[in-house]
Peer 1: 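Encoded as structure tokens, here's the structure I'll be asking about.
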2 protein chains.
Amino acid sequence: MPTQQKIRDTEAANRGSASRREILDAAARLFLKNGYGDTSLRELANEVGMKAGSLYYHFASKEQLATEVLGIGVKGVAEAVSARLDDAGGGASPSQRVSIAIRAHLDAILNDSGYTSAHIRCFPYTPANVQAQLRAVRRDYEDIWTGLIDDLLGPRRNEDDARYLRLAVLGALNWSLEWFDPERDSAETFAATVERLILGAEIPGQAG
Amino acid sequence: MPTQQKIRDTEAANRGSASRREILDAAARLFLKNGYGDTSLRELANEVGMKAGSLYYHFASKEQLATEVLGIGVKGVAEAVSARLDDAGGGASPSQRVSIAIRAHLDAILNDSGYTSAHIRCFPYTPANVQAQLRAVRRDYEDIWTGLIDDLLGPRRNEDDARYLRLAVLGALNWSLEWFDPERDSAETFAATVERLILGAEIPGQAG
DNA sequence: TAGTCTAACTAACAATTGTTAGTTCGCGTC
DNA sequence: GACGCGAACTAACAATTGTTAGTTAGACTA
């Protein structure tokens, strides 16, 4: 590689370059709508008013672009949930904390910028390379929920029960991407439904 | 189109042609693994030991192939659920019927031939054409669950509650495709968790 | 044996893909 | 005014895509 392109360092992309964020925004939108494989760089470039080749000034490859978009998505929902839990303060009960997390997660999926939804919908179809690079951030977010559920079930909980409860709730929430219609549906009503499900369920070895 | 290819009628494909079913099987497998857009006809052909062009003897287009695969998927799970409900007979309570349906649906996703899982994972990324053609069969299956939930909640149910309960449960089940690991997980234990969620939830306007 | 049908094949097509190299234009700084 | 740099451009590349036309080999049937 004789004349290597100058690629801006991914993490230290603080300075200006308004269009870089525009590209990421548009990429999130297209990834959400079309999936990873069916989003072409020409379509993306066209969306932000440039040509495909120009994207390579900002990103080293499609994979790196996707990694960045999906990374913002997980970090975004993790921060949103954490923030609202912090707002609730130390006095909140485990049940209340779960309620808060449900609403924050749903809000991030349905109302936020699209990065989180893009992550949820695209991640499984992303190249192994991308998935590997996202493992750590995904794990961070997973840990938040593991903690919430552990607190809810208490010290006498069963390991598998906690895992399946967490996956069931997140599944119910994430799946809303496939059917939620802002014209018809209410995020709050759905959140209340999921909340009733998890808080109303009897935990084996817990009752009586 | 002077020399139109002889395409066997889709529905009346009863006679022999073992390899037609082989193609469908392989397509379901690849669609599940790679998604619709990232499954190439050459890869599919290679999987069944022929060349890409030869597939067009059996199917008019990639879209038609996908329509057929995903159609088998929905019909399969609908029939599986119906059959097990029928087995239970008229004496089964609404709760019992929901339990049965949960297990039948999960079984179709996790253990069956792959058509149903391919449908669940691929449908959203499929061309509009394909989605339109699958609308009716999808609706048929949806109706089964609507009936189950309606019976569970009873005549005093709220319309939205029923809808969101159904979507939450199916979401929890369908999402298992993203995490279920046969080495680690137990479908029965997860089914029991989801069952506890839905049967343990207090229904508003129902209690007291 | 001649004719027809099944089921594949080969070879190419136009389009699209991610990617790269080299160029250009404008803006600020010496 | 010359220089350097950020940020785009053009034009092409090799590969891959769905798809089609025409061909071929084998098996059944008259």
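This one's a predicted model, so the numbers in the text were calculated from it and none came from an experiment. Just so it is clear: chains get the letters A, B, ... in the order the sequence lines come, proteins before strands, and each one is counted from 1. All values below were derived from every heavy atom in this structure, side-chain atoms included, with hydrogens, water molecules and symmetry-related copies excluded.
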Peer 1: I want to check something: taking the side chain as every heavy atom from C-beta on, are B:Phe59 and B:Leu24 in contact at a cut-off of under 4.5 Å?
Peer 2: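 Heavy-atom side-chain distance check passes, below 4.5 Å.
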Peer 1: Rounded to whole Å, please give me the gap between CZ in A:Arg20 and P in D:dG6.
Peer 2: 14 Å
Peer 1: What's the CG-P distance between A:Leu55 and D:dA8, to the nearest Å?
Peer 2: 9 Å
Peer 1: Does a side-chain N-to-carboxylate-O contact under 4.0 Å join A:Asp161 and A:Arg157?
Peer 2: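 A salt bridge is absent here (no side-chain N lies under 4.0 Å from a carboxylate O).
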Peer 1: Let me know the distance between CD of A:Glu63 and C1' of C:dT17, rounded to the nearest Å.
Peer 2: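 Nearest whole value for this atom pair: 14 Å.
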Peer 1: Enumerate the residues from residues 29-44 of chain A whose closest heavy atom to DNA chain D is under 4.0 Å, giving them by residue number; use none for an empty result.
Peer 2: A:Arg42
Peer 1: Compare side-chain N and O positions of B:Ser54 against OP1 and OP2 of C:dC9 and report whether any pair is under 4.0 Å apart.
Peer 2: yes
Peer 1: Within this structure, what is the CZ-to-P distance between A:Phe59 and D:dA7, rounded to whole angstrom?
Peer 2: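 Between P of D:dA7 and CZ of A:Phe59: 12 Å.
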Peer 1: What integer distance in Å separates A:Met50:CE from D:dG6:C1'?
Peer 2: 12 Å
Peer 1: Excluding sequence neighbours, so at least two apart, what forms side chain to side chain donor-acceptor pair (under 3.5 Å) with A:Tyr141?
Peer 2: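 By the side chain to side chain donor-acceptor pair (under 3.5 Å) rule, A:Tyr141 matches A:His105, A:Trp145.
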Peer 1: Counting only side-chain N and O atoms of B:Lys51, is one of them less than 4.0 Å from OP1 or OP2 of C:dC9?
Peer 2: no
Peer 1: I'd like to know if A:Asp38 and A:Lys33 make a salt bridge, using a cut-off of under 4.0 Å between side-chain N and carboxylate O.
Peer 2: no
Peer 1: Should A:His58 be listed as having a side-chain N or O under 4.0 Å from OP1 or OP2 of D:dA8?
Peer 2: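 Checking D:dA8 against A:His58, a side-chain N or O does come within under 4.0 Å of OP1 or OP2.
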Peer 1: Please evaluate residues A:Tyr125 and B:Tyr125 with respect to the criterion ring-ring contact (aromatic ring centres under 6.0 Å, His included), reporting the C-alpha separation (whole Å), side-chain torsions for both, the decisive distance (0.1 Å), and the verdict.
Peer 2: CA-CA 11 Å; A:Tyr125 300 109; B:Tyr125 299 110; 5.6 Å; yes
Peer 1: Could you tell me the separation between the OH atom of A:Tyr56 and the C1' atom of D:dA11, rounded to a whole number of Å?
Peer 2: 15 Å
Peer 1: State whether A:Tyr57 places a side-chain N or O below 4.0 Å from either non-bridging phosphate oxygen (OP1 or OP2) of D:dA7.
Peer 2: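 Checking D:dA7 against A:Tyr57, a side-chain N or O does come within under 4.0 Å of OP1 or OP2.
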Peer 1: Provide the full list of side chain to side chain donor-acceptor pair (under 3.5 Å) pairs with a residue in residues 41-51 of chain B, sequence neighbours left out, each pair given once.
Peer 2: B:Arg29-B:Glu47, B:Asn34-B:Glu43
Peer 1: Measure the distance from CG on B:Asn46 to P on C:dC9 and round it to the nearest whole Å.
Peer 2: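 In whole Å, C:dC9 P and B:Asn46 CG are 11 Å from each other.
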Peer 1: Under 4.0 Å between a side-chain nitrogen and a carboxylate oxygen: does that hold for A:Asp140 and A:Lys75?
Peer 2: no
